[in-house]
Amino acid sequence: MWFALCLMGIALSIALFYNLINRDYESYTDGLTKLEPFVPEEGYQPISYPPLAFDPNATPEPTVQPPPAPTPIPLDKYALLNKRMMIPDSYDVVHSGVTECRASEPDDNRALVLRGWGYLDELDAKNSSVYLVVSTKFGDNHRFYLTKPESGSSGIIHDANTGRNLDQADFSVIVRIEDTYQDGDYRLGLVVINKDGKSQTKGYTRLDTRYNFGIKDGKIISFER
């Protein structure tokens with residue numbers, strides 16, 4: 001019985017809804033008024049939207065990444081000090097040059113970085129060893145550091161009439177400025193030793209004075225530029 005009453009309620013609801021949507025409302029007017037959609041007196045006004053916060057057609061600016069922080073030089077990169085080397089009494093002509101000479105800022109200016117080339121006149125550069133010489137201002141004390149060969153690193157085309165395999169004359173060297181360096185002025189030079197069989201030829205040259213530098217409290221403080 002409850003089921004039948006529910007069905008009757010649903011049927012009455014449907015009939016009432018149908019009657020409402022199909023009713024002729026004009027019968028409620030005076031017969032002269034025509035039902036029309038409502039339009040405001042000032043008309044419909046366009047809706048203004050706030051401007052977009054961004055231009056969808058604009059090219060986005062790239063995110064600039066900060067450069068990586070410089071790192072100190074590893075200890076195994078420093079040149080070895082040769083305590084038995086001496087300036088040769090007589091020596092042949094050395095061709096040489098410097099492409100980089102600076103103090104290492106990440107190492108608190110306690111390291112000297114130098115790149116360049118050096119070779120003996122008319123000899124084969126592949127048979128040569130190059131030593132950087134760090135001397136006191138008046139040349140009364142010298143330190144010798146074995147450089148690392150870096151073939152072609154200088155970018156210099158050497159005169160082929162002055163030797164052989166000259167691309168192998170290029171080198172780099174990193175010198176650790178230790179506490180054993182006293183405050184004062186220092187100059188740089190090169191010793192080149194060429195070994196061909198049992199014969200040995202040596203050469204020495206001083207580098208340009210603009211590479212002279214000063215040391216104070218174990219730090220490089222200036223270069224003569």
Side-chain angles (χ1 to χ4, degrees), residues 73-104 107 110-182 184-213 215 220 223-224:
I73 298 170
L75 292 177
D76 61 352
K77 299 297 183 182
Y78 287 102
L80 297 176
L81 175 64
N82 189 321
K83 296 182 179 181
R84 296 185 298 175
M85 184 74 66
M86 298 180 63
I87 300 291
D89 295 329
S90 60
Y91 39 82
D92 286 20
V93 175
V94 175
H95 298 275
S96 64
V98 174
T99 56
E100 180 183 11
C101 183
R102 61 179 175 83
S104 175
D107 296 276
R110 295 180 185 273
L112 173 69
V113 180
L114 188 140
R115 299 178 189 275
W117 72 91
Y119 61 94
L120 295 177
D121 190 50
E122 298 184 351
L123 296 182
D124 193 336
K126 74 177 182 180
N127 297 328
S128 295
S129 298
V130 181
Y131 290 83
L132 177 68
V133 185
V134 181
S135 306
T136 51
K137 182 178 181 180
F138 298 106
D140 54 346
N141 184 271
H142 309 282
R143 302 190 191 203
F144 302 83
Y145 298 90
L146 180 62
T147 67
K148 177 184 177 182
E150 289 188 349
S151 177
S153 62
S154 69
I156 303 297
I157 300 177
H158 305 291
D159 185 356
N161 294 320
T162 58
R164 301 188 300 278
N165 295 311
L166 299 183
D167 61 306
Q168 298 186 42
D170 298 343
F171 66 84
S172 69
V173 62
I174 304 174
V175 175
R176 186 179 183 184
I177 304 301
E178 303 173 287
D179 295 336
T180 54
Y181 275 92
Q182 297 181 352
D185 297 324
Y186 292 82
R187 69 191 193 200
L188 299 176
L190 296 178
V191 167
V192 182
I193 301 176
N194 185 279
K195 295 181 180 181
D196 187 5
K198 295 183 179 180
S199 65
Q200 180 173 277
T201 307
K202 296 182 179 180
Y204 168 73
T205 184
R206 290 179 56 179
L207 297 180
D208 195 284
T209 56
R210 59 180 167 164
Y211 304 117
N212 294 355
F213 61 93
I215 292 179
I220 298 174
F223 281 94
E224 293 185 15

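Residue indices begin at 1 and follow the sequence shown.
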Considering residues at least two apart in sequence or located in another chain, which fulfil the side-chain hydrogen bond (donor to acceptor under 3.5 Å, both in side chains) criterion with [X]?
X      : result
Thr136 : Asp140
Ser154 : Asp170
Asp196 : none
Asp124 : Asn165

If we only count heavy atoms from C-beta on, is the [X] to [Y] side-chain gap below 4.5 Å?
X      : Y      : result
Leu112 : Tyr211 : no
Tyr145 : Ile174 : no
Val173 : Tyr131 : no

Determine, stepwise, if the pair Leu114 / Phe171 fulfils side-chain contact (heavy atoms from CB on, under 4.5 Å).
CA-CA 9 Å; Leu114 188 140; Phe171 66 84; 3.6 Å; yes

Knowing that exactly one of Asn127, Val94, Val93, Thr162 qualifies, which makes a side-chain contact (heavy atoms from CB on, under 4.5 Å) with Tyr119?
Thr162

Got a sec, which residues hit side-chain contact (heavy atoms from CB on, under 4.5 Å) with [X], two or more places apart in sequence or on another chain?
X      : answer
Pro88  : Tyr91, Val191, Lys202, Tyr204
Glu150 : Arg115, Lys148, Ser153, Ser172
Asp107 : Pro72, Ile73, Tyr78, Ser104, Ala111
Gln182 : Tyr186

Ignoring hydrogens, what is the shortest heavy-atom contact between [X] and [Y]? Give both atom names and the distance.
X      : Y      : answer
Thr99  : Trp117 : CG2-CZ3, 4.0 Å
Phe223 : Ala103 : CE1-N, 3.8 Å
Arg143 : Tyr181 : CD-OH, 3.3 Å
Ser96  : Leu207 : OG-CD2, 4.1 Å

Test log, rule side-chain contact (heavy atoms from CB on, under 4.5 Å), inputs Val130 and Leu190:
CA-CA 7 Å; Val130 181; Leu190 296 178; 4.1 Å; yes

For a side-chain contact (heavy atoms from CB on, under 4.5 Å) check, start with the C-alpha distance between Asn82 and Leu146, then their side-chain angles and the critical distance, and finish with the verdict.
CA-CA 7 Å; Asn82 189 321; Leu146 180 62; over 6 Å; no

Check whether the side chains of [X] and [Y] place a donor and an acceptor atom closer than 3.5 Å, and report yes or no.
X      : Y      : value
Arg206 : Ser135 : no
His95  : Asp121 : yes
Thr201 : Asn194 : no

side-chain contact (heavy atoms from CB on, under 4.5 Å) between Val134 and Leu188, worked out
CA-CA 5 Å; Val134 181; Leu188 299 176; 3.8 Å; yes

Atom CD1 of Ile193 and atom OG of Ser129: how far apart are they, to the nearest 0.5 Å?
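Those atoms lie 6.5 Å apart.
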
Closer than 3.5 angstrom, by distance alone: can the side chain of Arg187 be matched with the main-chain N or O of Asn212 as a donor-acceptor pair?
no

Using a 6.0 Å cut-off, check whether atom CD of Glu122 has over 12 heavy atoms from anything other than its own residue.
no

Which residue pairs satisfy the salt bridge (charged side-chain N to carboxylate O under 4.0 Å, His left out) criterion with at least one member in residues 80-91, sequence neighbours excluded?
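Output for this query is empty, none listed.
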
Taking ring pair (Phe, Tyr, Trp, His ring centres under 6.0 Å) as the test, write out the residues that go with His142, two or more places apart.
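Expected list: none.
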
